[in-house]
2 protein chains.
Amino acid sequence: MNIKKSPVTIQDVANRAKVSIKTVSRVINSEPNVAEKTIKKVEKAIDFLDYQPNAFAQSLARSQPKIIALIYNTPSPNYITHVMEGVLSYCYKFGYEVIIHPCRFDDASLIDDTKLFIKKSRVSGIITTPPLSDFPELINQLDKLDMPKILVSSGLVVDASEKVNTNDYEASFEITNHLIRRGHKRIGFIKGNPSHLCVNQRFAGFFDAMKEANLVCEGELIETGLNSFASGEICAKRLLNLKNRPSAVFAANDEMAAAVVKVANQLSIDIPQSLSVVGFDDTPMTQMISPALTTVHQPLFKMGEAAANKLICNLENTSYEGEDDIKSRLVVRDSTAHFLKSI
Amino acid sequence: MNIKKSPVTIQDVANRAKVSIKTVSRVINSEPNVAEKTIKKVEKAIDFLDYQPNAFAQSLARSQPKIIALIYNTPSPNYITHVMEGVLSYCYKFGYEVIIHPCRFDDASLIDDTKLFIKKSRVSGIITTPPLSDFPELINQLDKLDMPKILVSSGLVVDASEKVNTNDYEASFEITNHLIRRGHKRIGFIKGNPSHLCVNQRFAGFFDAMKEANLVCEGELIETGLNSFASGEICAKRLLNLKNRPSAVFAANDEMAAAVVKVANQLSIDIPQSLSVVGFDDTPMTQMISPALTTVHQPLFKMGEAAANKLICNLENTSYEGEDDIKSRLVVRDSTAHFLKSI
DNA sequence: ATAATAAAAGACAGCGTTGTCAAATATTAT
DNA sequence: ATAATATTTGACAACGCTGTCTTTTATTAT
């Protein structure tokens, strides 16, 4: 494969195939009205010359460049890496380029910066992930650009064609039932950052599962964290120091669940004999702590692919054929056990 | 700020400033030989119209597009995310675009795919991270492209202008001394994947520190893992089941160190009283396990910035002014303690 | 066989920049 | 003041592609 210096242009291909450059262009873009025979001829020339269309020239000539932006802000490298790889993989397959744009929430100029970025990079579509996809001020601004966008796991109310969701509610319902079936009645819950809407769907699933089982959620068993390990530690300390402490704790994400495990260790509360703990996300860390956490696995790569798929459909005005709700799945590990009366 | 529809072109700016488009182009690219007065005029027009040069047109017109590729393959989202953000941040500041290209080692067509990608995306420079930057077959192929490249933390022998290094050797020396100073004499070591050269610098640092302290490294205390948690578990089991087990273990990365902690827990070996454990990398997970790991912190973001900085200098033929060896630093947490004779 | 129509192919002008070279203007030396 | 030179500006052709419109060729109907 000859890479070094590859200024093979559409003209070279046209010359070799003995057609006009426009015909080559037609073949490249699979436009209609090209004779089968001609297509073969052109493809042969393309193969022979190892021709690659120049994306800059294409973008310049087209009104809509095939470029999309992935805008994120997440404290969790694990999350964004996998979603990003899904997006990249899908886009690469369909000839789109992706520009990655990390931002910081704490930055006051977040919105202006993001708008500037979009303008500068001339993307034609946008994907955002939580918690950014939950940030109404930003999403409103994006709306004004009337540029196709996809919100991943957003709690905001937008059209189905503009979001990719996971079934956080159902998964939470299920993992709560996992605890209930094991005899737990006093179950503590550590909510996530209130502004992260999607994480809060997890509380809803928990709440409804409890209700269905005729169990009450006492106020003292509900704590609110910020999704971080440190915030989880504070909540865990309160929960586990209660005179009548819960026999199980469901934390809205793995980091906070890991904090529960750590605090329990410090208080010499044995997991899972005396306390069951479950998290959410299935970060790799869940397998590295002792005991390994029971949690919910999210197919992040798939979510990234679906987001790209949907966005490209919007961009090209074709209909989306992919899955609509991406299913998470319960992963049972060593942090949950049957509740023993004796304790 | 008006974003929607911003087809402000260089011509619009030229009209408003009453100069030719070429003069505007000169100002944009800070070319010499433009009167101070003219610069002011043009800048005013640019500000007023909120003009952004069209990067596609620029790339098309220039011989060298301002685009670089970040090619990686890493099992560690934490690592790549931070390096990537450093690269992005620096590049954005200097008007470069970044294309991210994740690959899989297990893919037989890795090299061909990568070459195809480079050709397709028409980047003018490349950054790679370990373990890809340690993969001679790939780097050789990249060499043939005679395209500027930077290898991050590579163990391969290349010119200093082509790599960004951390002082893994010194840091390992230091963390080993940390153990030695605490009275440890029998220290086990879990090496990383032999093909990850940079991780193996860590063994060298360990080995030399031991030698300097006149301590012997018995063969049975040296294990070789694959950088993964699972591989670490296997090594840890062997090490901790030795009849005369080490009083401390240094694992070449945090994942494997976490495995040592987990195995120790299972065997009811108390950390740090009966066993000290140290890792390397300072992944967030190190703070979530109990006890929190003593480890070495790598300034990943900075490394990404430095890589981008060096690459852009190579690309633009200016001289690199940044740091040359990026300093890691020892982070002492709860997994290390003084060795007590009694045990 | 001929006209009417559909399908296929081509010519050519953009898209928004930068590079090259020529023209205009300012500066310096005589 | 004039010539010689340096500085500043501008005209115009690329860059490699796609969109529009026209021309050619193939197909069908009469």
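Here is how names work: the chains are called A, B, and so on, in the same order as the sequence lines, proteins then strands, and each is numbered from 1. No hydrogens, no waters, no symmetry mates; every other heavy atom, side chains included, goes into these values.
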Legend entry - Side-chain donor-acceptor contact under 3.5 Å, A:K115 with A:Q141: yes

Inset, instruction - Check every strand shown and say whether B:P32 touches a base, only sugar-phosphate, or nothing at a heavy-atom separation below 4.0 Å. - result: nothing

Legend entry - Residue met sooner reading DNA chain C from 5', once B:P53 and B:R26 are mapped to nucleotides: B:P53

Legend entry - Between A:S319 and A:E321: side-chain donor-acceptor atoms closer than 3.5 Å: yes

Inset, instruction - Pick base, sugar-phosphate or nothing for A:T38, based on heavy-atom distances below 4.0 Å to the nucleic acid. - result: sugar-phosphate

Legend entry - Spacing of A:N33 atom CG relative to C:dT5 atom P, expressed in whole Å: 18 Å

Inset, instruction - Among the candidates C:dT18, C:dC15, C:dG16, find the nucleotide nearest to the side-chain atoms of B:N29. - result: C:dT18

Inset, instruction - Compare side-chain N and O positions of B:S25 against OP1 and OP2 of C:dT18 and report whether any pair is under 4.0 Å apart. - result: yes

Inset, instruction - Could you state the atom-to-atom distance from CD of B:E36 to P of C:dA26 in whole Å? - result: 17 Å

Inset, instruction - Write down the distance between CG (B:L49) and P (C:dG16), rounded to a whole number of angstrom. - result: 14 Å

Legend entry - cation_pi(B:K120, A:Y92) dist<6.0 Å, angle<=45: yes

Legend entry - Any pair counted as ring pair (Phe, Tyr, Trp, His ring centres under 6.0 Å), so long as it reaches residues 119-142 of chain B, sequence neighbours left out: B:F105-B:F135

Inset, instruction - Report the distance from atom CZ of B:F56 to atom C1' of C:dT18, rounded to the nearest whole Å. - result: 17 Å

Inset, instruction - May I ask you to establish whether B:K310 and B:Y90 are in a cation-pi arrangement, using a distance under 6.0 Å from NZ or CZ to the six-membered ring centre and at most 45° from the ring axis? - result: no

Legend entry - Nucleotide C:dT20, atom C1' - distance to CD of B:E31 in whole Å: 12 Å

Inset, instruction - Tell me, yes or no, whether the heavy-atom count around A:K302 atom NZ, taken from other residues, nucleotides or ligands under 6.0 Å, exceeds 12. - result: no

Legend entry - Pair A:N78-A:S76, side-chain donor/acceptor within less than 3.5 Å: no

Legend entry - Between C:dG10 (P) and A:K22 (NZ): distance, integer Å: 12 Å

Legend entry - Heavy-atom contact window of chain B on DNA chain D, given 5' to 3' at under 4.0 Å: D:dT8 to D:dG16

Inset, instruction - Any chance you could measure A:L132, atom CG, to A:Y72, atom OH, to the nearest 0.5 Å? - result: 11.0 Å

Legend entry - Pairwise 5' ranking along DNA chain D for B:L60 and B:I21, keeping only the more 5' one: B:I21

Legend entry - Interatomic distance where CD belongs to B:Q11 and P belongs to C:dT18 [whole Å]: 13 Å

Legend entry - Phosphate OP1/OP2 of C:dG10: any A:S20 side-chain N/O under 4.0 Å: yes

Inset, instruction - Using five pairs at either end of the helix from C:dA1-D:dT30 to C:dT30-D:dA1, determine the angle between the two local helix axes and round it to 10 degrees. - result: 30°

Inset, instruction - Give the rounded distance in Å between these two atoms: CZ of B:R62 and C1' of C:dT20. - result: 17 Å

Inset, instruction - Answer with yes or no after comparing the ring centroid distance for B:H82 and B:F301 against a 6.0 Å cut-off, counting only values under it. - result: no

Inset, instruction - Mark yes or no: B:R122 above the aromatic ring of A:F56, with NZ or CZ under 6.0 Å from the six-membered ring centre and no more than 45 degrees from the axis. - result: no

